[in-house]
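Quick notes on the structure that follows.
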There are 4 protein chains.
Amino acid sequence: MATIKNSVRLIGNIGMDPDVRTFDNNRKMVRLSIATNDSYKNDKGEKVTDTQWHNIVLWGAQASMAETYLKKGDSVLIEGKLASRSYSDKDGVKRYVTEVVVNEFIKMSGKE
Amino acid sequence: MATIKNSVRLIGNIGMDPDVRTFDNNRKMVRLSIATNDSYKNDKGEKVTDTQWHNIVLWGAQASMAETYLKKGDSVLIEGKLASRSYSDKDGVKRYVTEVVVNEFIKMSGKE
Amino acid sequence: MATIKNSVRLIGNIGMDPDVRTFDNNRKMVRLSIATNDSYKNDKGEKVTDTQWHNIVLWGAQASMAETYLKKGDSVLIEGKLASRSYSDKDGVKRYVTEVVVNEFIKMSGKE
Amino acid sequence: MATIKNSVRLIGNIGMDPDVRTFDNNRKMVRLSIATNDSYKNDKGEKVTDTQWHNIVLWGAQASMAETYLKKGDSVLIEGKLASRSYSDKDGVKRYVTEVVVNEFIKMSGKE
DNA sequence: TTTT
DNA sequence: TTTT
């Protein structure tokens with residue numbers, strides 16, 4: 001997808017260690033869950049924190065780099081595109097999931 | 001949400017006329033469905049078109065402008081943030097939906 | 001340049017027909033001048049319009065498309081990176097110029 | 001300026017300590033110089049590094065935060081708009097300069 | 001499930 | 001459900 005038509009940028013923290021899968025054709029996929037945290041004041045002047053969790057997918061070289069460099073708790077900037085797909089869950093219920101498929105990422109900081 | 005931490009940009013076509021709702025506090029909400037279209041060549045050199053549908057939500061002044069100016073078939077550029085929420089469907093199954101909450105939009109073209 | 005580290009997006013109008021140049025190696029370059037217009041209210045509540053002109057450069061396939069499709073007055077969305085360079089003007093004074101080197105553009109509308 | 005029409009994002013390193021100025025109306029301005037570094041392979045397969053320096057300007061609250069938190073060598077992500085202005089140098093020569101006026105920034109890392 |  |  002031309003990045004000019006579909007572009008997502010998120011800065012957040014990784015909720016768990018990357019989930020790595022390798023397919024028959026040796027193609028690698030990594031899944032991440034990233035939390036973006038927003039703090040603002042509500043109508044009453046109270047500080048409110050809104051946390052959003054995002055499903056992130058990386059393929060190929062980006063997946064390999066994520067496997068090597070990223071882990072739970074790290075702060076990352078990701079740039080990618082928004083994509084949705086459907087699947088049937090274990091009870092046969094059709095489910096929809098929206099993911100960000102990464103083009104590039106930068107590790108911002110992490111625990112040593 | 002600071003736009004620097006969570007930012008989505010999409011250019012696509014509106015699939016149906018805006019769905020307008022007004023709540024008790026007189027606050028207006030508009031829902032749109034936008035399709036982004038991507039054309040590329042696959043491994044075999046064949047042209048493939050990938051269409052993704054996105055759930056778009058507008059509030060307040062942005063909702064009023066969408067209600068006035070946008071309709072089915074229009075091409076729009078939207079800028080917003082990615083957000084997810086859950087709800088129970090009519091069968092009591094918990095569902096998750098991911099939406100883009102619009103900060104700004106520009107109508108790119110439309111039918112007269 | 002990785003777009004994640006240096007990314008510019010502008011929507012504006014083209015000030016004059018594209019300036020096309022072809023170099024020895026048959027590589028094509030196009031220059032555009034794009035005006036972005038901003039309207040806002042100042043401290044006194046008066047509407048103010050701020051117009052900024054931007055130097056835009058396109059190379060290769062993007063240059064060819066610009067030559068074919070763009071002309072004075074068109075509205076375009078461009079995505080590219082920020083770059084600066086120096087040169088000596090006709091009086092031997094060293095000058096600096098900042099340009100946006102385009103990765104992708106979309107024509108938003110134009111005169112028939 | 002609506003960010004949808006004029007938006008710049010840069011990730012780079014600060015070349016010198018912030019230059020802070022306070023004006024009569026007590027409004028604060030900070031200037032930064034940020035280097036973005038790009039590494040790629042040229043036609044001959046050699047690794048080339050292209051460094052671009054960018055003029056960055058911050059006002060008000062953003063300027064105060066930059067003064068407090070940023071210093072030479074820090075890595076920052078800035079989001080802003082592109083703007084140009086002219087001035088006469090000490091020899092009376094008219095000069096043009098292009099700057100990025102910051103809306104938001106995030107410090108990515110820095111020396112302790 | 002993260003982080004501040 | 002859009003569009004090219």
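Proteins get letters first, then strands, A, B, ... in listed order; numbering begins at 1 in each. Just so you know, these numbers use all the heavy atoms, side chains as well, and skip hydrogens, waters and symmetry mates.
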Task: Pairwise 5' ranking along DNA chain E for Lys47(A) and Met16(A), keeping only the more 5' one - done: Met16(A)

- [ ] Name the closest nucleotide to the Asn37(A) side chain, picking from dT1(F), dT3(E), dT3(F).
- [x] dT3(E)

Task: Closest listed nucleotide, where the reference is the side chain of Trp53(B) and the choices are dT1(F), dT3(F), dT2(E) - done: dT1(F)

TODO: Could you tell me the separation between the CG atom of Asp50(B) and the P atom of dT4(F), rounded to a whole number of Å?
DONE: 18 Å

Open item on the list: Rounded to the nearest 0.5 Å, what separates atom CG in Asp17(B) from atom CG in Leu70(B)?
Closed with: 10.0 Å

Open item on the list: Rounded to whole Å, please give me the gap between CG in Asp74(B) and C1' in dT3(F).
Closed with: 11 Å

Open item on the list: Rounded to whole Å, how long is the line connecting atom CG of Leu32(A) with atom P of dT1(E)?
Closed with: 17 Å

Task: From dT1(F), dT2(F), dT1(E), nucleotide with atom closest to Ser33(B) side chain - done: dT1(F)

Open item on the list: At 4.0 Å (heavy atoms only), tell me whether Thr51(B) reaches a base, stays on the sugar-phosphate, or touches nothing.
Closed with: base

- [ ] Check the distance between dT3(E)'s P and Lys5(B)'s NZ and give it to me in whole angstrom.
- [x] 14 Å

Open item on the list: Could you check whether any side-chain N or O of Asp74(C) sits under 3.5 Å from a backbone N or O of Ile14(C), counting only pairs where one atom can act as donor and the other as acceptor?
Closed with: no

- [ ] Could you grab the distance from atom CE of Met108(B) to atom CG of Leu77(C), nearest 0.5 Å is fine?
- [x] 6.0 Å

Task: Selection from dT1(E), dT1(F), dT3(E) that lies nearest to any side-chain heavy atom of Lys72(B) - done: dT1(F)

TODO: Quick one: which residue pairs count as a side chain to side chain donor-acceptor pair (under 3.5 Å) with a foot in residues 57-70 of chain D, not counting sequence neighbours?
DONE: Lys28(D)-Glu67(D)

